Asker: 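Below you will find the structure I want to go over with you.
Every chain is numbered from 1 and lettered A, B, ... according to where its sequence line falls, protein lines coming before strand lines. Treat the numbers as computed from the prediction; the structure is a model and nothing was measured.
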2 protein chains.
Amino acid sequence: MKRTKEDIVYQVETEELAKFAKALGHPTRIKILNHLDNASCCYTGDLLEVLPLAQSTISQHLKELKDAGLIQGTVNPPKIKYCINQQNWIKAKALFNEFFSRNMNEISCK
Amino acid sequence: MKRTKEDIVYQVETEELAKFAKALGHPTRIKILNHLDNASCCYTGDLLEVLPLAQSTISQHLKELKDAGLIQGTVNPPKIKYCINQQNWIKAKALFNEFFSRNMNEISCK
DNA sequence: TAAGTTCATCGCAAATATACGATTAGTATT
DNA sequence: AATACTAATCGTATATTTGCGATGAACTTA
């Protein structure tokens, strides 16, 4: 894509919100986060029992969540322990909250 | 994708949240929604002045937002007036709110 | 009827995302 | 050193997304 067009500059907030939203834009990743929330943290292997996907696929989803900043992993040999990244979670929560709590005036659509 | 794998069944809530998140997963669409919120509603042409994109591209983004249920369009010849779909907006807001306000216990990651 | 306006849709090109199996890297155990 | 375990990464196939220009549909106005 993007063949003749130069890159568009968006506000940082817009980019951030879109980035978080994109990471949440797949049911598998929602499920991973739900599981992480219930279990506080988990290992990649745990997810293999919950999701009917190949190990490499789950690893890839974990990578995307990590790249978006929503989770973090710490080595705990021979496993890797994933938890939610509290700091960014709060940030995302605030961004979505702000986004959804606009005026939404009833006298819209004149 | 999805070559050998049969479709995975997710909870309805998970699918819904992912669907909304996916629609929000692009800065252009965030910007459109922000604009719609400020202006209550708008026409496709209005967005052409705000976004440096081709008319067809913007139309496509509008379609995705419409397919996700976040906006709705009503004909107002010769234009089409887009507004936020209040009902689904509230639904999405509730889903994200629920998703982000989990316990998030501090004693996580043992 | 003809011309203009607005916007959706089609057709295409390129980039990204999703999934898999196979391999590799790192660590622990024997 | 050899084996076992865990998880990332590589290579590949396919689907989807993103973007554009061109065309077409619907409705107004001249």
Asker: Return the value, rounded to whole Å, for the distance between atom NZ of Lys81(A) and atom P of dA8(D).
Answerer: 15 Å

Asker: Would you say Ser56(A) places a side-chain N or O within less than 4.0 Å of OP1 or OP2 belonging to dG21(C)?
Answerer: no

Asker: Over how many whole Å does the gap from Leu48(A) atom CG to dC5(D) atom P extend?
Answerer: 15 Å

Asker: Could you check whether the rings of Trp89(B) and Phe99(A) sit parallel, tilted or perpendicular, using 30° and 60° as the cut-offs?
Answerer: tilted

Asker: Looking at Leu51(A), Ile30(A), Leu47(A), which one forms a side-chain contact (heavy atoms from CB on, under 4.5 Å) with His35(A)?
Answerer: Leu47(A)

Asker: Heavy atoms only, 4.0 Å cut-off, all strands: where does Gln60(B) land among base, sugar-phosphate and nothing?
Answerer: base

Asker: Starting the side chain at C-beta, find the nucleotide from dT9(C), dA7(D), dT18(C) nearest to Ser59(A).
Answerer: dA7(D)

Asker: Base, sugar-phosphate, or nothing: which does Thr44(B) touch, judged by heavy atoms less than 4.0 Å apart?
Answerer: sugar-phosphate

Asker: Does Glu15(A) CD have over 12 foreign heavy atoms under 6.0 Å away?
Answerer: yes

Asker: Any carboxylate oxygen within less than 4.0 angstrom of a Lys/Arg side-chain nitrogen, looking at Lys22(A) and Glu64(A)?
Answerer: no

Asker: Please determine whether residues Leu36(B) and Ile90(B) belong to a single hydrophobic cluster, defined as Ile, Leu, Val, Met, Phe, Trp and Tyr linked transitively by side-chain heavy-atom distances below 4.5 Å.
Answerer: no

Asker: In whole angstrom, what separates Lys63(B)'s NZ from dT17(D)'s P?
Answerer: 11 Å

Asker: Rounded to the nearest Å, what distance is computed from the CG atom of residue Asp67(A) to the P atom of nucleotide dT18(C)?
Answerer: 13 Å

Asker: On DNA chain D, compare the nucleotides closest to Ile58(A) and Arg29(B); which residue's is nearer the 5' end?
Answerer: Ile58(A)

Asker: Using a cut-off of less than 4.0 Å, is there contact between a side-chain N or O of His61(A) and OP1 or OP2 of dA17(C)?
Answerer: no

Asker: Check this for me: does the side-chain of Gln55(A) come within 3.5 Å of the base of dA8(D) through a donor and an acceptor?
Answerer: yes

Asker: Let me know the distance between CG of Leu65(B) and C1' of dT17(D), rounded to the nearest Å.
Answerer: 14 Å

Asker: Return the value, rounded to whole Å, for the distance between atom CG of Leu47(A) and atom P of dA19(C).
Answerer: 14 Å

Asker: State which of dC20(C), dA8(C), dA7(D) makes the closest approach to the side chain of Ile80(A).
Answerer: dA7(D)

Asker: Rounding to an integer number of Å, can you tell me how far Asn76(B) CG sits from dT6(C) C1'?
Answerer: 12 Å

Asker: How many Å lie between CD1 on Ile30(A) and C1' on dT18(C), as a whole number?
Answerer: 16 Å

Asker: May I ask you to evaluate whether His26(B) reaches the phosphate of dG19(D), defined as a side-chain N or O under 4.0 Å from OP1 or OP2?
Answerer: yes

Asker: What's the closest nucleotide to the Lys22(A) side chain, out of dC7(C), dC20(C), dA17(C)?
Answerer: dA17(C)

Asker: Respond yes when some side-chain nitrogen or oxygen of Thr57(A) is under 4.0 Å from OP1 or OP2 of dA19(C), and no when none is.
Answerer: no

Asker: Nearest of dA19(C), dT9(C), dT6(C) to any side-chain atom of Lys79(B)?
Answerer: dT6(C)

